[in-house]
Amino acid sequence: MEACMAYTPTAKWFHWITVCLIAIALPTGLVIQHIKESDKMAFYAIHESAGLTLLIVASLRLWYRVRHPVALEPSLPAPMRVTATVVHHSLYAALIVQPLLGFFATNAFGFPMQGATAYFGFIDLPKFMPTMEGLGNVLIWIHRWLGWIIGALLVAHIGGVIFHQAIRRDGTLIRMV
Ligand code: HEM
């Protein structure tokens, strides 16, 4: 399939909806353990609902992206091309794996998205595995580390955008708005 030079409006919507959902899922995940007990459930509900929605959005986005390839800015030197591609592919992968880890971990802990932590507050999702606390601990450990890796990828991604906008002035940010 031949790559286009510009993002379609659908691709832009996918991008900015992803930004909004990460802006909810990442900070709520980071603060949950410091929240007082009485407010914790609300944070779990918001974090898990935003995270699971990210799984749906990221999967649809990846499916759409494969069907609508877009070329990187043509004047980009090879090392920047490789870096941008690695960061983009890693973000796609992480945004699909991370919610799955969280979702399976909550089930393994015997704490599925039901009741106070139902999807969007009212959609109870099934508990689909027996409680296995050991597995839950492993999954949530990986989830924590991947959370930090996603943070680092976002720093690289946003750093790249600032570099393109302020130093190379090649209009990279404008391509996505
Ligand atoms: C892309 C989506 C997601 C991101 C970026 C994300 C990120 C994070 C981060 C950064 C943490 C904090 C780790 C730490 O303590 O250092 C966390 C914790 C957690 N996340 Fe997620 N998460 C996502 C999706 C989900 C989903 C879908 C679920 C469950 C359905 C989930 C369940 C949890 C749980 C149970 C914790 C542990 C909170 C605690 O310490 O008690 N996450 N997440």
Side-chain angles (χ1 to χ4, degrees), residues 7 10-66 68 83-162 176:
Y7 290 104
T10 309
K12 292 177 188 176
W13 272 107
F14 270 131
H15 180 269
W16 293 108
I17 291 171
T18 305
V19 170
C20 294
L21 290 169
I22 294 182
I24 299 170
L26 205 52
T28 47
L30 284 172
V31 298
I32 284 177
Q33 51 180 315
H34 308 292
I35 297 293
K36 64 176 194 289
E37 267 332 293
S38 57
D39 298 335
K40 241 186 181 141
M41 281 304 155
F43 272 77
Y44 276 119
I46 295 169
H47 176 73
E48 295 178 5
S49 293
L52 206 57
T53 310
L54 250 175
L55 173 65
I56 298 164
V57 172
S59 308
L60 287 174
R61 186 177 176 196
L62 186 58
W63 172 81
Y64 182 85
R65 180 69 174 78
V66 170
H68 298 82
T83 312
T85 306
V86 169
V87 171
H88 293 165
H89 287 198
S90 307
L91 274 170
Y92 273 112
L95 292 184
I96 289 173
V97 172
Q98 180 72 336
L100 286 173
L101 285 167
F103 187 60
F104 278 88
T106 50
N107 256 274
F109 281 130
F111 186 51
M113 292 178 69
Q114 293 176 357
T117 58
Y119 188 46
F120 285 126
F122 65 96
I123 304 172
D124 281 339
L125 300 184
K127 177 171 175 357
F128 53 82
M129 60 161 82
T131 301
M132 291 181 274
E133 211 167 308
L135 175 65
N137 283 326
V138 171
L139 294 175
I140 212 68
W141 183 84
I142 305 173
H143 189 76
R144 290 201 168 117
W145 277 102
L146 192 50
W148 289 108
I149 291 170
I150 290 173
L153 287 169
L154 290 177
V155 169
H157 184 63
I158 296 164
V161 172
I162 294 171
M176 196 48 96

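Atoms within each ligand, like the ligands themselves, are counted from 1 in listed order.
- Sorted by chain and number, the heavy-atom contacts of ligand 1 below 4.0 Å come from Leu26, Gly29, Leu30, Ile32, Gln33, Tyr44, His47, Glu48, Gly51, Leu52, Leu54, Gln98, Pro99, Gly102, Phe103, Thr106, Met113, Ile140, His143, Arg144, Gly147, Trp148.
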Would you please test His47 and Phe43 for ring pair (Phe, Tyr, Trp, His ring centres under 6.0 Å) and show each step? CA-CA 6 Å; His47 176 73; Phe43 272 77; 9.6 Å; no
Give every donor-acceptor pair under 3.5 Å between a side-chain atom in residues 90-102 and any protein atom, sequence neighbours left out.
from: Ser90; atom 1: OG; to: Val86; atom 2: O; distance (Å): 2.6
from: Gln98; atom 1: OE1; to: His143; atom 2: ND1; distance (Å): 3.3
from: Gln98; atom 1: NE2; to: His143; atom 2: O; distance (Å): 2.9

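- Contact record, Phe120 with Ser49: N-OG, 2.9 Å, taken as the closest heavy-atom pair.
- Across all non-hydrogen atoms, the minimal contact from Thr117 to Glu48 is CB-OE1, 3.9 Å.
- Nearest approach of Phe122 to Ala118, heavy atoms of both residues: N-CB, 3.8 Å.
- Note: Phe104 and Phe128 have perpendicular aromatic rings, judged against thresholds of 30 and 60 degrees for the angle between ring planes.
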